[in-house]
Q: 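Handing you a structure now.
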Number of protein chains: 2
Amino acid sequence: MNERDPDRAVSHTVRAQLALRDLILSGRLRPGERISELGAVETTGVSRTPVRMALVRLEEEGLLEAIPSGGFMVKAFTERDILDSIELRGVLEGLAARFAAERGVSARDLEPLKQSLAELDELVARDAVSVEAFSAYVTMNARFHALLTELSRSAPLIRQIDRASALPFASPSGFVMAQSALPEAHQTLIIAQDHHRIVVDAIENREGARAEAVMREHARLAARNLRLALRNRTHLDLLPALALIRSPVSE
Amino acid sequence: MNERDPDRAVSHTVRAQLALRDLILSGRLRPGERISELGAVETTGVSRTPVRMALVRLEEEGLLEAIPSGGFMVKAFTERDILDSIELRGVLEGLAARFAAERGVSARDLEPLKQSLAELDELVARDAVSVEAFSAYVTMNARFHALLTELSRSAPLIRQIDRASALPFASPSGFVMAQSALPEAHQTLIIAQDHHRIVVDAIENREGARAEAVMREHARLAARNLRLALRNRTHLDLLPALALIRSPVSE
DNA sequence: TAATACCTTTATGTATACAGTATTGAATGG
DNA sequence: CCATTCAATACTGTATACATAAAGGTATTA
């Protein structure tokens, strides 16, 4: 029987994909663990066909790995993988910033980014170090990065960045969570916010190289802080994606 | 009935994916054209289930686009999309080259790349401008780029580059085809070969920035030549991926 | 003649049945 | 007690059947 429930307009396939992704990212499915189709059918409530589609999509997303003999397992990542993903993301966003700067952005199109910057400024100025404040910053920060990516007006690049962000630790949210996982979290946010300000200024003044460089530095800051956080075992609960690391923390 | 044919060890899904991809890249399926599942079942000879899996994978690959009302169509690209994809590829390969240089490559690991370089040198020295010679160069060139990517020893980056290469015009073969699609093709190959030589040297001497810069320049060369080839309408038959461009050639 | 409504047909999303293979467990032999 | 082999079970890959929605064509009316 097909979907008649008016509550949910999304397809069974999408529902299954969302449910399974949440299961993986929340850590309830451990890295290396095999995902049974039948089990997924039980947890998601849909039949095997949409479950299979969801599994294929999650594999392409990078969260699952195909087992040669058949089926899929939760992909495991090393610490190196995660740091590389962050740097990769920085390179891609650097290109997006450069494209935006080189190709020119109208004042009208730049407005949303500036407003996002202002809202982030306000959050940082509040000097709140609560988990809720960080959570708000994470959301706003992700929006800033998304807006910046859009300004590149390059469909292939936007697509690639979206794909690179499938791994949560490589997303802007991951950046901030890593940053917040430090006693000096607030100082880090101030520096990150400075990067944001510089990239907006560079885009406005059509300084492509500067825009690209600062986005790369932005990612390096996040990578460095994540490394420190992993070493110091501080606030790791803020980084749910850490569930994906193969061995608990060590290299 | 399951696959019993000993001739083919690949699954029905993979067979369907290969067949459909070939159909798209060869231009027999035009951009924007809707792909009927039933039609795909007839052309591929497998049932709807593996056809559907193949369609999902091709969508993730970037060759297909989901239709809101259901089903898939062949994705169409603008000339700008293609040029951006080439630059994007250059940025990614630049990062790979930098990783290889910064992290160090043993003489033993560098050997295959050097040999590939030598083989390419030989082909260029022959000064043959036949289609067969170009075809051989394309194959060797793709191998060189694949080896270079591997030397980064970064699983996330390698994965991303593989994904970015799904679009044939963004692949190393596409680079060379764009280069060869010019009257001055041989001169272009000489320059490209110089880039190859420099990147190997930079990796060997651990000059990360230099390695990255030359790979970016390498992609810019390809992009510039493709633009010229499109303007001059020269040797476009050497670029099969052009079938993916939305309007015949113009921007 | 054109527009609209209804019906027919087709195609997609979903569910399930079937075939074959891999994996696991137990039992037997060394 | 451990290893090896065989059998049973479970799971994946594939095929097909079913339900619903969309699209196209035809007929009827203005």
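Order of the sequence lines fixes the chain letters, A, B, ..., with proteins taken first and strands second; residue numbering starts at 1 for each chain.
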Q: Whether A/R28 and A/D22 form a salt bridge (side-chain N of Lys/Arg under 4.0 Å from carboxylate O of Asp/Glu) is what I want to check.
A: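 Yes, A/D22 and A/R28 are salt-bridged.
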
Q: In whole angstrom, give the distance that lies between atom CG of B/L38 and atom P of D/dA22.
A: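 Rounded to the whole Å, the gap is 19 Å.
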
Q: Can you spot which of B/L113, B/L148, B/L120 makes a side-chain contact (heavy atoms from CB on, under 4.5 Å) with B/H196?
A: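 Exactly one pass, corresponding to B/L120.
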
Q: Let me know the distance between CD of B/E42 and P of D/dA15, rounded to the nearest Å.
A: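 My rounded result for the distance is 15 Å.
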
Q: D/dT12 C1' sits how many Å from B/M53 CE, rounded?
A: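 To the nearest whole Å, that distance equals 10 Å.
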
Q: Checking contacts here: which listed nucleotide (D/dT14, D/dC11, C/dT12) is nearest the side-chain heavy atoms of A/R52?
A: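 Minimum distance to the A/R52 side chain belongs to D/dT14.
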
Q: Closest approach to the side chain of B/H12, judged atom by atom: which nucleotide of D/dA15, C/dT14, C/dA11 is it?
A: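 Nucleotide nearest to B/H12's side chain: D/dA15.
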
Q: Taking the nucleotide of DNA chain C with the closest heavy atom to each, which residue, A/V46 or B/E37, is nearer the 5' end?
A: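 Nearer the 5' end of the strand: B/E37.
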
Q: Look at all strands and tell whether A/I67 reaches a base, only sugar-phosphate, or nothing, counting heavy atoms closer than 4.0 Å.
A: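 It contacts nothing in the nucleic acid.
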
Q: Under 4.0 Å between a Lys/Arg side-chain N and an Asp/Glu carboxylate O for A/R163 and A/E61?
A: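 Salt bridge between A/R163 and A/E61, a charged N being under 4.0 Å from a carboxylate O: no.
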
Q: Can you find a side chain N or O atom of A/T13 that sits less than 4.0 Å from OP1 or OP2 on C/dG13?
A: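 It does not, given that no N or O in the side chain of A/T13 lies less than 4.0 Å from OP1 or OP2 of C/dG13.
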
Q: For nucleotides 16-18 of chain D, tabulate all protein N/O to nucleotide N/O atom pairs closer than 3.5 Å, reporting atom names and distance.
A:
from: D/dT16; atom 1: O4; to: B/T49; atom 2: OG1; distance (Å): 3.3

Q: Does the distance from a Lys or Arg side-chain N to an Asp or Glu carboxylate O, for B/E93 and B/R98, drop under 4.0 Å?
A: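 The answer is no: the pair does not qualify as a salt bridge.
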
Q: To the nearest Å, how far apart are B/F72 CZ and D/dA22 C1'?
A: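 Result: 17 Å.
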
Q: Just how far, in rounded Å, is C1' of C/dA11 from CZ of B/R34?
A: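 Atom CZ in B/R34 sits about 7 Å away from atom C1' in C/dA11.
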
Q: Between the side chain of B/E33 and the main-chain N/O of B/K75, is any donor-acceptor distance below 3.5 Å?
A: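 It does not hold such a pair.
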
Q: Salt bridge between B/R103 and A/D84, side-chain N to carboxylate O under 4.0 Å?
A: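 A/D84 and B/R103: salt-bridged.
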
